[in-house]
Amino acid sequence: MKILVAGGTGYIGSHKVVELMQQGYEVVIVDNLCNSYAGVVDSIAQITGKRPDFLELDLADADATECFFNHYTGINAAIHFAAHKAVGESVAKPLMYYRNNLYSLINLIKNMEKQGAGNLVFSSSCTVYGQPDELPVSEQSLIKPAWSPYGNTKQVSEEIIHDVCIATKLKAIALRYFNPIGAHASALIGEYPIGVPNNLMPFITQTAIGKREVLSVFGDDYPTPDGTAIRDYIHVVDLAKAHVVAVKRMLSNQCKSNFEVFNLGTGSGYSVLEVLRSFEKVSGIKINFKIVARRAGDIEQVWADTSFANRELGWKAALGLDEMTHSAWEWEKALRNIELKTQ
Ligand code: UD1
């Protein structure tokens, strides 16, 4: 079975490619390398002992995408990770988010449909729930207005997929990620943000290693036990494994409808300070941090009801917060060694 992984050199995509290849799938990666680098393909080959096909391609470019699909046939399913994903950045640059995240999806689906490759796993986000009225949030919870352009692109993307699934033979599964952190146990792949990280975990590890002077904690006046915002952090490897289950489900026609949606989280919420303390415990390093104002677009708290995914997919997150922060730290140290060698 040949699987197209759009955004496969990125943080989540690369972990997913490893899990797919280890399960015997043939993988074709396309990525525009806007937030990743081509060397990730070497690391994937090192972990799996096999090299996936890789093509530099911007899916938001309609002509280039059509050209790719004209030459590359026999794709059984696509997994779409190729999107911008930073809440704060999306507030500052909304058009960049709408253009990239929506065009890439439309071009991908349009060409898949033409090819008759009608299986899509879409990388969605808990951000579609906005700030939920009740916690934990389940797939049946009300979709409230998005709090950021990033969140809106995920809501609109799900609507587009839903409508196309009704109008055509497309089958799709949207996986609503909560907050993926951590890295592969080999420390050969992990999150490698280009420039200043937007997300919490890479900012913590970069502060610990000395690349950043101080971590800003965005707000300590939220209505949470320690005043900092709460998220459901999930190990990226657990997340990647869920994608393999989703692909298998689609390809073996086990889906209960043409468009299915699952929450991917652990079911537990942790505050920013709890993540920080876990990191300090596993690394033995004290993090220099300061409390600053809330970040635009951030919600207060969210964590997942995972019972539907656990039951239907037969999947459950297995790794805890300390394993997440520990693997993120091992990756940051490995990255320093690579950077030192290449200097
Ligand atoms: C959001 C989405 C999540 C998605 C992720 C992709 C929501 C609720 N969640 O995560 O589904 O996978 O984007 O990027 O929309 N923080 C700091 N200092 C920092 C960075 C972050 O205090 O330097 C805080 C944030 O304010 C937030 C928490 O850490 O409370 C996590 O932030 P981040 O890692 O950026 O992810 P989200 O924006 O929650």
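One-based numbering, in listed order, for ligands and for the atoms of each. Residues take their numbers from the sequence shown, with the count starting at 1. These numbers come from the heavy atoms of this one structure, side chains and all, not from hydrogens, waters or symmetry mates. Predicted model only: the values in this text are computed from it and were never measured.
Scanning Ser271, Ser123, Ser125, Ala146 for the heavy atom closest to atom 11 (O) of ligand 1 points to Ser125. Relative to atom 23 (O) of ligand 1, the option among Pro180, Cys126, Gly219, Ser216 with the closest non-hydrogen atom is Ser216. Here the shortest heavy-atom distance to atom 31 (C) of ligand 1, taken over Tyr11, Phe218, Phe289, Tyr233, belongs to Tyr233.
Protein heavy atom nearest atom 38 (O) of ligand 1, with residue, atom name and distance: Arg295 NH2, 2.9 Å. The protein atom (non-hydrogen) at minimum distance from atom 15 (O) of ligand 1 is Thr127 OG1, 3.0 Å. In terms of protein heavy atoms, atom 39 (O) of ligand 1 is closest to Arg231 NE, 2.5 Å.
Every atom of ligand 1 with a heavy atom of Asn198 under 4.0 Å away is listed here by number and element: 20 (C), 35 (O). Atom numbering of ligand 1 starts at 1 in the shown order; those under 4.0 Å from a heavy atom of Val272 are 22 (O), 24 (C), 28 (C), 29 (O), 30 (O).
The closest side-chain heavy-atom distance from Pro225 to Ile230 is below 4.5 Å.
Contacts of Leu200 with ligand 1, taken as heavy-atom pairs under 4.0 Å, involve both backbone and side chain. Contact annotation for Leu215 and ligand 1: only side-chain heavy atoms (C-beta onward) come within less than 4.0 Å of the ligand. Residue-level proximity to ligand 1 for Ile299 is carried by the side chain, the only part with a heavy atom below 4.0 angstrom.
Ion pair Arg249/Glu260 flagged as a salt bridge, since at least one NZ, NE, NH1 or NH2 atom sits closer than 4.0 Å to an Asp/Glu carboxylate oxygen. A salt bridge is defined here as a Lys NZ or Arg NE, NH1 or NH2 lying under 4.0 Å from an Asp or Glu carboxylate O, and Lys241 with Asp238 fails to meet this definition.
Cation-pi contact between Arg231 and Phe178: absent, since separation from the ring centre below 6.0 Å together with deviation from the ring axis within 45° is not met.
Ligand 1 is approached by Tyr150 to a heavy-atom distance shorter than 4.0 Å.
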